[in-house]
Amino acid sequence: DPNSGTEFKEVKLYVAHYLYQFWTEVQGVATTLSKAYVYTGDKRYGLAGAALVDRWADTYHQHDLTDYDDYGGQGAGYTQGRIGECAVFEAWALSADAVFPMIYDSGTINFLMEKAGHYGLANDKSSSSKIWDNWKNNILLEAYDGAKKGRVDGNFGFAQAATTAA
(Lines give C-alpha, C1' and ligand atoms only; values in the text may rest on other atoms or scores of the structure.)
Protein backbone atom coordinates (compact mmCIF):
# COMPACT_ATOMS: atom_id res chain seq x y z
CA ASP A 1 0.00 0.00 0.00
CA PRO A 2 1.72 3.22 -1.11
CA ASN A 3 -0.16 5.26 1.50
CA SER A 4 0.82 3.22 4.55
CA GLY A 5 4.01 1.53 3.29
CA THR A 6 2.54 -1.89 4.11
CA GLU A 7 3.74 -4.70 1.86
CA PHE A 8 1.25 -7.23 0.59
CA LYS A 9 3.21 -10.47 0.60
CA GLU A 10 0.41 -12.36 -1.13
CA VAL A 11 0.58 -10.09 -4.18
CA LYS A 12 4.34 -10.51 -4.43
CA LEU A 13 4.01 -14.28 -4.25
CA TYR A 14 1.23 -14.26 -6.84
CA VAL A 15 3.40 -12.32 -9.28
CA ALA A 16 6.37 -14.61 -8.66
CA HIS A 17 4.22 -17.70 -9.15
CA TYR A 18 2.67 -16.33 -12.35
CA LEU A 19 6.14 -15.63 -13.78
CA TYR A 20 7.31 -19.07 -12.70
CA GLN A 21 4.45 -20.68 -14.64
CA PHE A 22 4.95 -18.42 -17.66
CA TRP A 23 8.68 -19.08 -17.98
CA THR A 24 8.15 -22.80 -17.42
CA GLU A 25 5.85 -22.85 -20.46
CA VAL A 26 8.31 -20.85 -22.59
CA GLN A 27 11.12 -23.20 -21.58
CA GLY A 28 8.95 -26.20 -22.52
CA VAL A 29 8.31 -24.75 -25.96
CA ALA A 30 12.04 -24.15 -26.50
CA THR A 31 12.84 -27.72 -25.43
CA THR A 32 10.18 -29.14 -27.77
CA LEU A 33 11.34 -27.04 -30.73
CA SER A 34 14.99 -27.92 -30.21
CA LYS A 35 14.19 -31.63 -30.02
CA ALA A 36 11.98 -31.40 -33.11
CA TYR A 37 14.88 -29.78 -34.96
CA VAL A 38 17.33 -32.50 -33.87
CA TYR A 39 14.93 -35.32 -34.78
CA THR A 40 13.75 -33.95 -38.12
CA GLY A 41 16.41 -31.49 -39.30
CA ASP A 42 13.53 -29.19 -40.29
CA LYS A 43 14.85 -25.63 -40.29
CA ARG A 44 11.45 -24.25 -39.33
CA TYR A 45 11.86 -25.87 -35.91
CA GLY A 46 15.48 -24.79 -35.79
CA LEU A 47 14.71 -21.15 -36.54
CA ALA A 48 11.90 -20.98 -34.00
CA GLY A 49 14.06 -22.70 -31.38
CA ALA A 50 17.04 -20.45 -32.10
CA ALA A 51 14.81 -17.37 -31.89
CA LEU A 52 13.55 -18.42 -28.45
CA VAL A 53 17.03 -19.25 -27.19
CA ASP A 54 18.32 -15.93 -28.47
CA ARG A 55 15.52 -13.90 -26.89
CA TRP A 56 16.00 -15.77 -23.62
CA ALA A 57 19.68 -14.84 -23.77
CA ASP A 58 18.71 -11.20 -24.38
CA THR A 59 16.53 -11.00 -21.27
CA TYR A 60 17.34 -13.76 -18.78
CA HIS A 61 20.08 -12.01 -16.83
CA GLN A 62 17.62 -9.19 -16.10
CA HIS A 63 15.25 -11.47 -14.17
CA ASP A 64 15.66 -11.35 -10.40
CA LEU A 65 13.65 -12.97 -7.62
CA THR A 66 15.35 -10.92 -4.90
CA ASP A 67 12.12 -8.99 -4.24
CA TYR A 68 10.40 -12.36 -3.80
CA ASP A 69 13.10 -13.82 -1.56
CA ASP A 70 10.70 -16.07 0.28
CA TYR A 71 9.17 -17.49 -2.91
CA GLY A 72 9.04 -21.23 -2.36
CA GLY A 73 11.70 -20.94 0.33
CA GLN A 74 14.25 -20.77 -2.43
CA GLY A 75 14.92 -17.09 -3.04
CA ALA A 76 17.86 -15.62 -4.89
CA GLY A 77 17.08 -17.14 -8.29
CA TYR A 78 16.35 -15.55 -11.62
CA THR A 79 12.93 -16.93 -12.56
CA GLN A 80 12.32 -19.98 -10.36
CA GLY A 81 14.39 -19.67 -7.22
CA ARG A 82 17.90 -20.96 -6.73
CA ILE A 83 16.86 -24.63 -6.66
CA GLY A 84 14.58 -24.58 -9.70
CA GLU A 85 17.10 -22.46 -11.58
CA CYS A 86 19.34 -25.51 -11.97
CA ALA A 87 16.77 -27.17 -14.23
CA VAL A 88 16.17 -23.88 -16.05
CA PHE A 89 19.82 -23.43 -16.99
CA GLU A 90 20.24 -27.05 -17.92
CA ALA A 91 17.21 -26.93 -20.23
CA TRP A 92 18.26 -23.69 -21.95
CA ALA A 93 21.86 -24.87 -22.35
CA LEU A 94 20.69 -28.10 -23.97
CA SER A 95 18.26 -26.20 -26.22
CA ALA A 96 21.04 -23.83 -27.28
CA ASP A 97 23.26 -26.80 -28.05
CA ALA A 98 20.56 -28.52 -30.10
CA VAL A 99 19.84 -25.52 -32.33
CA PHE A 100 23.45 -24.27 -32.43
CA PRO A 101 23.91 -25.13 -36.15
CA MET A 102 21.15 -22.63 -36.95
CA ILE A 103 23.37 -19.67 -36.02
CA TYR A 104 25.19 -20.30 -39.32
CA ASP A 105 21.96 -20.18 -41.32
CA SER A 106 21.54 -16.91 -43.24
CA GLY A 107 17.77 -16.92 -42.64
CA THR A 108 18.33 -17.17 -38.88
CA ILE A 109 20.96 -14.43 -38.91
CA ASN A 110 18.67 -12.13 -40.91
CA PHE A 111 15.69 -12.84 -38.66
CA LEU A 112 17.63 -12.23 -35.43
CA MET A 113 19.32 -9.14 -36.89
CA GLU A 114 15.91 -7.70 -37.79
CA LYS A 115 14.59 -8.38 -34.26
CA ALA A 116 17.70 -6.86 -32.67
CA GLY A 117 17.13 -3.70 -34.69
CA HIS A 118 13.45 -3.64 -33.78
CA TYR A 119 14.24 -3.86 -30.05
CA GLY A 120 17.28 -1.56 -30.26
CA LEU A 121 19.67 -4.15 -28.84
CA ALA A 122 23.36 -3.35 -28.46
CA ASN A 123 24.24 -6.69 -30.09
CA ASP A 124 22.99 -6.32 -33.66
CA LYS A 125 23.14 -10.12 -34.31
CA SER A 126 24.62 -9.46 -37.75
CA SER A 127 26.83 -12.56 -37.68
CA SER A 128 26.91 -16.05 -36.23
CA SER A 129 29.72 -14.99 -33.87
CA LYS A 130 27.58 -12.17 -32.43
CA ILE A 131 24.67 -14.56 -31.91
CA TRP A 132 27.02 -17.06 -30.26
CA ASP A 133 28.42 -14.31 -28.00
CA ASN A 134 24.88 -13.55 -26.84
CA TRP A 135 24.13 -17.20 -26.03
CA LYS A 136 27.53 -17.87 -24.48
CA ASN A 137 27.63 -14.77 -22.28
CA ASN A 138 23.97 -14.62 -21.25
CA ILE A 139 23.08 -18.29 -20.84
CA LEU A 140 26.18 -20.43 -20.48
CA LEU A 141 28.48 -18.11 -18.55
CA GLU A 142 25.51 -16.73 -16.60
CA ALA A 143 24.81 -20.28 -15.37
CA TYR A 144 28.39 -20.67 -14.21
CA ASP A 145 28.43 -17.26 -12.53
CA GLY A 146 25.02 -17.92 -10.94
CA ALA A 147 26.28 -21.22 -9.51
CA LYS A 148 29.31 -19.49 -8.01
CA LYS A 149 27.08 -16.82 -6.42
CA GLY A 150 24.44 -19.25 -5.11
CA ARG A 151 21.68 -18.10 -7.46
CA VAL A 152 21.79 -21.52 -9.12
CA ASP A 153 22.12 -23.94 -6.22
CA GLY A 154 19.92 -26.96 -5.72
CA ASN A 155 20.42 -30.27 -4.00
CA PHE A 156 23.84 -31.86 -4.38
CA GLY A 157 24.50 -32.42 -8.05
CA PHE A 158 21.83 -30.06 -9.42
CA ALA A 159 24.07 -27.01 -9.87
CA GLN A 160 26.86 -29.24 -11.14
CA ALA A 161 24.53 -30.75 -13.77
CA ALA A 162 23.41 -27.27 -14.86
CA THR A 163 26.94 -25.91 -15.19
CA THR A 164 28.11 -29.09 -16.92
CA ALA A 165 25.34 -28.77 -19.49
CA ALA A 166 26.29 -25.12 -19.96
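In this text, all values refer to a predicted model and were calculated from it rather than measured experimentally. All values below come from the heavy atoms of this structure, side chains included, with hydrogens, waters and symmetry mates left out.
Under the 4.5 Å side-chain heavy-atom criterion for grouping Ile, Leu, Val, Met, Phe, Trp and Tyr, Leu141 is not connected to Leu121 through any hydrophobic cluster. By the criterion of side-chain heavy atoms lying less than 4.5 angstrom apart, applied directly or through intervening Ile, Leu, Val, Met, Phe, Trp or Tyr residues, Val38 is not grouped with Trp92; the two fall into different hydrophobic clusters.
Of the possible donor and acceptor atoms, one in the side chain of Thr108 sits under 3.5 Å from a partner among the backbone N and O of Met102. Proximity of a side-chain donor or acceptor of Asn137 to a complementary backbone N or O of Asp133 within less than 3.5 Å is detected.
Atom CG of Asp124 is separated from atom CE of Met113 by 7.5 Å, given to the nearest 0.5 angstrom. If you take CG on Asn110 and OG on Ser126, they are separated by 10.0 Å, rounding to the nearest 0.5 Å. Summarising the geometry, atom CH2 belonging to Trp56 is positioned 13.0 Å from atom CG belonging to Asn134; distances are rounded to the nearest 0.5 Å. The CD atom of Gln27 sits 9.5 Å away from the CD atom of Glu90 when rounded to the nearest 0.5 Å.
Of all heavy-atom pairs between Ile109 and Ser128, the closest is CD1-N, 3.9 Å. Taking every heavy atom of both residues into account, Thr31 and Ala91 meet most closely at OG1-CB, 4.2 Å. The two residues Ala96 and Val53 have their closest heavy-atom pair at CB-CG1, 3.8 Å. Residues Ala93 and Leu140 approach most closely at CB-CD2, 3.9 Å, considering heavy atoms. Nearest heavy atoms, Ile139 versus Phe89: O-CE2, 3.3 Å. Here the closest non-hydrogen pair linking Leu112 and Ala51 is CD2-CA, 3.9 Å.
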Under the criterion side-chain contact (heavy atoms from CB on, under 4.5 Å), I'd like the reasoning laid out for Tyr45 against Tyr39: C-alpha separation, chi angles, the key distance, then a yes or no. CA-CA 10 Å; Tyr45 298 127; Tyr39 296 151; over 6 Å; no
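More than 12 non-hydrogen atoms from other residues, nucleotides or ligands lie less than 6.0 angstrom from NZ of Lys136.
Two residues are said to be in side-chain contact when any heavy atoms from C-beta on lie closer than 4.5 Å; Tyr119 and Arg55 meet this criterion. In this structure the side chain of Ile103 reaches within 4.5 angstrom of the side chain of Trp135, judged on heavy atoms. Put simply, the side chain of Phe111 does not reach to within 4.5 Å of the side chain of Lys125, judged on heavy atoms.
Residues Lys130 and Asp54 are not paired through a salt bridge, judged by the lack of any N-O separation under 4.0 Å between the basic side chain and the carboxylate.
Cation-pi contact between Arg44 and Tyr37: absent, since separation from the ring centre below 6.0 Å together with deviation from the ring axis within 45° is not met.
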